[in-house]
**Q** 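The structure under discussion is supplied below as structure tokens; questions concerning it will follow.
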Amino acid sequence: MSGTGTVGTPILRKEDRRFLTGRGSYIDDLQVRGALSVAIVRSVQPHALIEGIELGAARCSGGVEAAFAGTDLAPLAQPLSMAAVPFVKHAAWHALAVDRARFVGEPIAAIVATDRYRAEDARALVEVNYQPLEAVVDVEAAVRPGAPLLYDEWKDNLLLRLPHEAGDVAGAFDDADVVLKERFQSQRYTGVPLETRGCIASYEHGKLTLWSSTQWPFMVRMVLAEALGIPENRLRVVAPDVGGGFGNKQHVFREELLVSLLAVQLERPVKWIEDRSENLLAGVHSREQIHEVEIAAKSDGRILGLRDRILADIGSGALYFQGFAPAVVTAVSVPNPYDLPNYAFDLACVVTNKAPCGAYRGFGMPEATFAMERSIDLVARHLGLAPVDVRIRNLIRPDQMPYRTSTGTLLDSGDYPATLEQAVRSFDLPAFRKEQERARAGGRYLGVGVVNFVEASGPTMFPNANRGGAYDRAMVRVEPDASVTVFTGLTSQGQSHETSFAQVAADALGVSVEAVRVVAGDTEGTVFGLGTWGGRGSTVGAGAIRAAAEKLLEKILSIAASILQVPPDLETADGRIHVRDDPGSGVPLVDVARVAYHETFRLPKGQEPGLEAIGVFDPPNVDPFPDQSGLMNACVTYSNAAHIAVVEVDPGLGTVKVLRYHVVEDCGAMINPMVVEGQIRGGIAQGIGGALYEELVYDENGQLQSAGLMDYLMPTASEVPRVHIEHRESPAVYVPGGFKGTGEGGTIGPGAAIAAAVEDALASFGVQVTRTPVSPSLVLDLIEKGQGRWGRIFRGGEVCSG
Amino acid sequence: MKPARFLYADPDSVDEAVSLLAEHGEDARILAGGQSLIPLMNMRLAEPRYLIDINRISQLAGIRPEDGELVIGALARHAALASSAEVGGTVPLVAEAAGLIGHPQIRHRGTAGGSIAEADPAGQLPATLLAVTLPLKARSARGSRRIPASDLFVSFLTTSLAPDEMITELRIPKLSNRTGSAFLEVARRRGDFAMVGVAAVVTLGDAGAIDEARIALAAMDVTPVRAHEAEGVLQSAQPTGEAFREAAERASRAGHAVTDIHATSEYRVSAAKVLVERALQLAVSRAREG
Amino acid sequence: MKPFVGEREISVRVNGVEHHATVDVRILLADFLRQDLGLTGTHLGCEQGPCGACTVLLNGEAVRSCLMFAVQANGAEITTIEGLSRNGALHPLQESFSRNHALQCGFCTPGMVLAALDLLRRHPQPNEELVRAELSGNLCRCTGYEGIVDAVLEVAGRMQS
């Protein structure tokens, strides 16, 4: 078989025209006749008993069709929970809180009216009688004895405690020349897609249809069918165009359950479009972690062992699935690019009276990289070594690949030192040092930060949800007119699947990309699949499409051979099937289709009419769950990258500007380099947001202070620099085509790289950056009291500042 | 996030507007550019019963010279202030400050009168108004009056305008050509409200010493503040780095800076010191250029 | 004297087509465009201003349609994203966005394109810094902006030549 060779080329996107002309069809654009609008009453208390809800005035308000409190709806559905996951404590939550609110923004009542304006008029008339309970907002307070409890029956606030030790950690610390300890913090921030969440439900003739701005329609169907007691074949979930997800829409939301219940109850279509305040208050939060790292090193910079005590604040916990999953990924990912067999972590996932945490692009890896890369820089600084040299000394070498890490991760391929060395070389670090010196002479403070990391892709969801796996499925059909349709369970929230998946199918079948159309996002219009998250698109998504197309190709070739009356040593190109190395000899695909669909009497013996095939890619190297020692390889493949950030700091005002950003990325083979680079750039912009600007800030009373986009500061075009990107290609070992994931990676490096760059710029002030966002206030504070506070030394080494 | 019900009128004249205001005063709000009011209404943090849209009052629009002064109508948009040759030539500080407000979409709608009446302590125009000591003209059904800038800003988001009064215009005397000015600010991102803003106006005497300096700060208190003590330091002083530093030090303590999620009070004081010094340097160098 | 009203008849010219409607005075311009006129290319991302997704051209100037009431647009000329391509042919800026991979999920795209058009009207030959500054009222969460900036600069360059 020879393809048309579009894989690996930056062809322009098929979906662009629709979006550029305003013809995209996002959830709020769908016209469902007679749809009513929902306004949700949300708790203004971080922790309170709900003693009563007065809905009478709201029900009498103009345009109102119905109003419901939690007690009205609770009997109508099973609560959502993660009960099937054995290692976490049990919590369950209804669509609307019934008797107790656990965070500001928790849904407690719903108003259904003819339009959103009137629904909000009525909402203003709802009176809620709260009996406030003591709230616990700070994660460290939540783990202290005697802390107020969110779930009384737990006896503490620990959703999950997961200790793990591999190798001889104590021995490593005994053998160390220097032992350092530092605390690293990642703030609470999140994806904030420009399109908020939203869904529309319609219930007719015993069948429920839910349109939702989601990343995984089949998962939504599974979970809601169970909660609603509706068979899965009577529940259709459709994801229309989705205006960004970034993991935040990789959940099953109580609002989806709520809107479904309302549609069933009222037998009218019901629509809920989240507004931005709701999105920030009660959408998915992420990333809030504290790491207490102890690191043992030899004086030559070799790291012998590492301990990390991780506190992950996962908020109220009322989210399917819960925020423990990214935190577990953090814990197992900390040592990832390094040859570090002696590693111990102690992870505590803690509930607090804040919005629930969950998935956000990077899924625990940015936090891990921040802790690890900052620790490496700490070691380098203490030992007076160049940070890049310390990294090279500790990186896993290519001859060690595939490499099983101390947590069971099976790193499949890559030359990590080469990635880093290429980045340093092409960036030209010595030239930058000269530029830095010149700038310094002119009163400007420039700094550089260099980091590297691993990006895991194609994970199994089974351990975190007791459902699904790492596989995906696809169907490819050559239609009677020889156009090609690809059906996939992977929706797109901007990942360009309509183009890149078409490239994969086109090459496999030897047709043009234009001839292929990709259909996704509808549980009734596509094959079962697990959705778009965790770098699944280019790995298992494309793998399944390729498998389907190859299966179909066998049939095509067999029919073509019979038409041509030649042995089946054929290949395809440009929509024709021809004898190998004889392009003039063939038959057009449309003739094969004619035989397959119409002249079926000409089919070779044993071939059935029709031209479609279902393909599956089920990664052979992914473990379903941890073994008895807690070791598990959760993902099909691992990309790696080196990031270099250049910043300018104004030490008078504390402002940090990212001037340049330099990337060497190894994501294996690429389907569409333009799309890959777009993913990298977009991820880096979000990473810069986390490094410098974005934070979901709660006050001590549990009120969110950044509940609008004037206060939740996403970077604009003025805050994001150009990103220089170079590629390396270490093909994925277990993925057909050698593709690795690249969607998450951009978010992983910037926090650590920018923190390092700020430190470098302010080296003369002895500043150490241990948390993000690196705000102007933080910078001035660090300058003022920064002199020399460089970790806590337990043994060996001298504090060296600057 | 949709506004509550209100009743709407869009009068064609100031007379009409002020008589509506006289009738409904406390229950009415003026809608000018709407770039702050409408977000508040969308969030239902503001629920005026009556909304008086002044955008159709042509006499409030426009920027024109009159009696040796520059008259800026209350409805002059930030975009016009930033790009108007007359504003740039007469009071470049106003143009500079207006150009820093928000983003193009905001500057196309937002108005001078609206920005000042909103009295956001972090806003660019209120501090600018204090620094150039512009009087503004306000009208009510009871008549019109001039309000000195120093009397305008009372407390957080509150002016001395009566409920039945509206701003109609700013009047700006032409500054001498030995006067230089600068508006500097530090914000978290491009277009955000300032964490600290400084409006400085410096007039040099013939001998090169400072005749007069005026400094106003944004986001350093619940209102924009004049740094009188710092101005006193500069009065008749030579424009040296040392004088600027001394003035900046005093200016940074002119208000009671608060902590919010974007900046701590300590940050504001430190940054004000730096910004005031830089603004004075810039203003003086511009004064020397004439 | 004009009385206070709760609804008002308005005439608006949108993408060259005159529309007459009676609107509740509290209806935001964005909702009027999306719901009454079915022009759903104008997106709502925050309803507070900062995201810029709802940007339309009002008498040729970029404004946020979530921060205006429909009644205020009476007598105005409005251009939405749907009005940019003519007879199926994309505007050069739209083509440039595609060529430069200036969009991913597409949600911010209509507002971004219109803001860019407004920028090029006022500054036909912008440099990169100006493009970035002028577009800072439009958030994009997907692209990292580089493609957008390149798309605008490319069109500016072509307009010059």
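Remember, predicted model here, so these are calculated numbers, not experimental data.
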**Q** Checking Arg278(B) against chain A: side chain, backbone, both or neither under 4.5 Å from a heavy atom?
**A**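 The side chain, not the backbone.
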**Q** Other residues, nucleotides and ligands only: do more than 12 of their heavy atoms fall within 6.0 Å of CZ on Arg49(B)?
**A** no
**Q** Tell me the closest heavy-atom pair linking Ala263(B) and Ser777(A), and the distance in Å.
**A**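 Smallest interatomic distance, heavy atoms only, reads CA-OG, 3.2 Å.
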**Q** Looking at Pro776(A), Ser775(A), Ser718(A), which one has more heavy-atom pairs under 4.5 Å with chain B than the rest?
**A** Pro776(A)
**Q** Should Asp121(A) and Arg44(B) count as an ion pair when the cut-off is N to O under 4.0 Å?
**A**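 So Asp121(A) pairs with Arg44(B) through a salt bridge.
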**Q** Using a cut-off of under 4.5 Å for heavy-atom pairs, which of His262(B), Arg190(B), Arg5(B), Met43(B) has the most such pairs with chain A?
**A** His262(B)
**Q** What heavy-atom pair brings Arg189(B) and Tyr712(A) nearest, and what distance separates the two atoms?
**A** NH1-O, 4.4 Å
**Q** Given the options Ile273(A), Thr655(A), Asp650(A), which has more heavy-atom pairs under 4.5 Å with chain B than any of the others?
**A** Asp650(A)
**Q** Over all heavy atoms of both residues, which pair between Lys2(B) and Glu120(A) is shortest? Give the atoms and the distance, please.
**A** N-OE1, 2.8 Å
**Q** Measuring heavy-atom distances to chain A, does Pro3(B) have an atom under 4.5 Å in its side chain, in its backbone, in both, or in neither?
**A**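 For Pro3(B), the contact with chain A is made by backbone and side chain together.
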**Q** With chain B as the partner, which of Gln705(A), Glu719(A), Arg276(A) has the greatest number of non-hydrogen pairs under 4.5 Å?
**A**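 Option with the greatest count: Glu719(A).
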**Q** By a 4.5 Å heavy-atom criterion (distance strictly below it), what part of Leu653(A) contacts chain B: side chain, backbone, both, or neither?
**A**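 Contact with chain B: backbone and side chain both.
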**Q** Please say which of Leu713(A), Asp711(A), Asp699(A), Leu696(A) ends up in a side-chain contact (heavy atoms from CB on, under 4.5 Å) with Ile261(B).
**A**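 Considering Leu713(A), Asp711(A), Asp699(A), Leu696(A), a side-chain contact (heavy atoms from CB on, under 4.5 Å) with Ile261(B) is found only for Asp711(A).
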**Q** Around Glu47(B), counting heavy atoms of other residues, nucleotides and ligands shown, do more than 12 lie under 6.0 Å from its CD?
**A** yes
